[in-house]
Amino acid sequence: MHALRPLPADLPNLRRHQARAEQSARRISLMRAIADGRLEPTRAFADEMYFCLGCLACMTACPAGVNYANCSSMPGRGRAKRRFLNSSGRNLIRSFTLRWLFMDLARLQLAGRGLRLYQQLGLQTFFRRSGFLKLLPKRLRELEAMTPLIQDEFSCTLISPVTRSKGPKKYRVAVLVGCAQDLIFSDVNRDTVEVWRATVCEVVTPPEQHCCGSLHAHNGEWELARQMARRNIDQFPPEQFDAIITNAGGCGSHLKHYAKLLAGDSARETGRRRGTGK
């Protein structure tokens, strides 16, 4: 695996984006060197990996066809982050989000209801206008400014567990509602179900779903990521559906990597292979 600098035809406005392209190539070279044992993980490597959002936009522009998704989820990246970016505050946040909040979407919905109440009671507007937020640390102020608008209802109340097709059923599909997607864009999930219903599909949307595990995998929590993958394969047996639908791009991308994630898991060997193709 080697990264090549994108050609002008592959990446429009090359001069403006050249720095970004070189950053992606540099990260790939660093990961390859560490994987080959030619370099040891350092603080500089951890910082470089931290700057990557994992959006995978570089994959569509890469003339070498490098699978950056697999590279960015390599175990060494997660270990380097934990080792060199370690702090008590960071560990607390990781434990709260990865090991508690996103392990049960009922907890995430509970947090969403609290945030929705905060917004609907006018508290968010009050604190923003009062200047109180200026007393908070800069990072918290930035996070508060990015607070999304929580929907009035979540997917479990907007969508029936089984939505019958409008005409004769030709296909049976499942919908993964997503984590943040469910809190912020549950109406989009509902509209998606209606579209698939109109295309003579029976749509299955279990009310109690699980996180896909992408956050865990991207942060080096491999066992938790595998645990989430097993839960989803059990809830959405690929052999029972013609397709598995999700509006969340991160979820959809991660579902396609279940085969690699669960390699060697004989109990779900068939399911993971079939699920990757859907």
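All values below come from the heavy atoms of this structure, side chains included, with hydrogens, waters and symmetry mates left out. Residue numbers run from 1 in the order of the sequence given.
One hydrophobic cluster, built from ILVMFWY side chains closer than 4.5 Å, cannot hold both Leu224 and Ile93; they sit in different ones. Linking Ile, Leu, Val, Met, Phe, Trp and Tyr residues whenever their side-chain heavy atoms come within less than 4.5 Å leaves Val203 and Val195 in two separate clusters. Under the 4.5 Å side-chain heavy-atom criterion for grouping Ile, Leu, Val, Met, Phe, Trp and Tyr, Leu158 is not connected to Leu183 through any hydrophobic cluster. One hydrophobic cluster holds both Leu121 and Leu133 under the rule that ILVMFWY side chains link at heavy-atom gaps under 4.5 Å. Hydrophobic cluster membership differs between Leu115 and Leu149, with clusters built from Ile, Leu, Val, Met, Phe, Trp and Tyr side chains linked at under 4.5 angstrom.
Taking all atoms of both residues into account, the shortest heavy-atom contact from His210 to Leu176 is O-CD1, 4.0 Å. Scanning all heavy atoms of the two residues, the minimum distance from Ala180 to Leu108 falls at N-CD2, 4.4 Å. In terms of heavy-atom proximity, Leu261 sits nearest to Arg226 at O-NE, 3.2 Å. Contact detail for Val200 and Ser165: the closest heavy-atom pair is C-CB, 3.6 Å. Asp182 and Ser155 make their closest contact through OD1-OG, 2.6 Å (heavy atoms, listed as atom of the first residue, atom of the second, distance). When all heavy atoms of Ile184 and Gln151 are compared, the closest pair comes out as O-NE2, 3.0 Å.
In terms of modelled atom types and a separation under 3.5 Å, the side chain of Asp36 and the main chain of Arg38 share no donor-acceptor contact. Between the side chain of Thr205 and the backbone N or O of Val175 there is no donor-acceptor pair closer than 3.5 Å. Ser130 places a side-chain N or O within 3.5 Å of a backbone atom of Phe126 that can act as its donor or acceptor partner. In terms of modelled atom types and a separation under 3.5 Å, the side chain of Gln209 and the main chain of Val177 share a donor-acceptor contact. The backbone N or O of Val188 lies less than 3.5 Å from a partner atom in the side chain of Thr192, making a donor-acceptor pair. Here the side chain of Thr199 pairs a donor or acceptor atom with the backbone of Trp196 at under 3.5 angstrom. For Thr246 (side chain) and Ala248 (main-chain N/O), a donor-acceptor pair under 3.5 Å exists by modelled atom type. In this structure, Gln240 contributes its side chain and Ala174 its backbone to no donor-acceptor pair below 3.5 Å. Asn232 places a side-chain N or O within donor-acceptor distance of the main-chain N or O of Met228, the cut-off being under 3.5 Å.
More than 12 heavy atoms of other residues, nucleotides or ligands sit less than 6.0 Å from atom CZ of Phe154. For Glu208, the CD atom is loosely surrounded, since the number of other residues' heavy atoms within 6.0 Å does not exceed 12.
A salt bridge links Glu221 with Arg99; the closest basic N to acidic carboxylate O contact falls under 4.0 Å.
Identified under the salt bridge (Lys or Arg N to Asp or Glu O under 4.0 Å) test for residues 124-135, with sequence neighbours left out: Arg128-Glu144. Under the salt bridge (Lys or Arg N to Asp or Glu O under 4.0 Å) criterion, the residue pairs touching residues 192-207 are Arg164-Glu202, Lys169-Glu202, Arg172-Glu202, Glu194-Arg197, with sequence neighbours excluded.
Take Phe127 and apply the ring-ring contact (aromatic ring centres under 6.0 Å, His included) test, not counting sequence neighbours, and it matches Phe132. Partners of Tyr171 by ring-ring contact (aromatic ring centres under 6.0 Å, His included), not counting sequence neighbours: none found. In this structure, the ring-ring contact (aromatic ring centres under 6.0 Å, His included) partners of His254, at least two apart in sequence or on a different chain, are Tyr258. For Gln120, the side-chain hydrogen bond (donor to acceptor under 3.5 Å, both in side chains) partners at least two apart in sequence or on another chain are Asp152.
Rounding to the nearest 0.5 Å gives a distance of 8.0 Å between CZ of Arg116 and CD1 of Ile150. Put simply, CD1 on Ile244 and SG on Cys251 are 12.0 Å apart, with the number rounded to the nearest 0.5 Å. The CD atom of Gln227 sits 4.0 Å away from the CE atom of Met103 when rounded to the nearest 0.5 Å. Atom-to-atom distance recorded for Leu140:CG and Leu135:CG is 12.0 Å, nearest 0.5 angstrom. One finds the OG1 atom of Thr157 at 10.0 Å from the CZ atom of Arg190 (value rounded to the nearest 0.5 Å). Taken to the nearest 0.5 Å, the CG atom of Leu101 stands 10.0 Å off from the CG atom of Leu215.
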**OP:** Show the numbers, then the answer: is there a side-chain contact (heavy atoms from CB on, under 4.5 Å) between Gln119 and Leu123?
**Re:** CA-CA 6 Å; Gln119 293 172 340; Leu123 296 176; over 6 Å; no
**OP:** List the steps and the verdict of side-chain contact (heavy atoms from CB on, under 4.5 Å) for Leu262 and Ile233.
**Re:** CA-CA 11 Å; Leu262 294 177; Ile233 289 177; 3.5 Å; yes
**OP:** Show your reasoning for whether side-chain contact (heavy atoms from CB on, under 4.5 Å) applies to Phe241 and Val173.
**Re:** CA-CA 5 Å; Phe241 301 101; Val173 301; 5.6 Å; no
Subject >> Criterion side-chain contact (heavy atoms from CB on, under 4.5 Å) on Cys211 and His216, from CA distance to verdict >> reply: CA-CA 9 Å; Cys211 174; His216 305 85; 4.0 Å; yes
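Side-chain atoms of Asp242 and Lys170, non-hydrogen and from C-beta on, never get closer than 4.5 Å to each other. Looking only at side-chain heavy atoms (C-beta outward), Phe102 and Cys179 come within less than 4.5 Å of each other.
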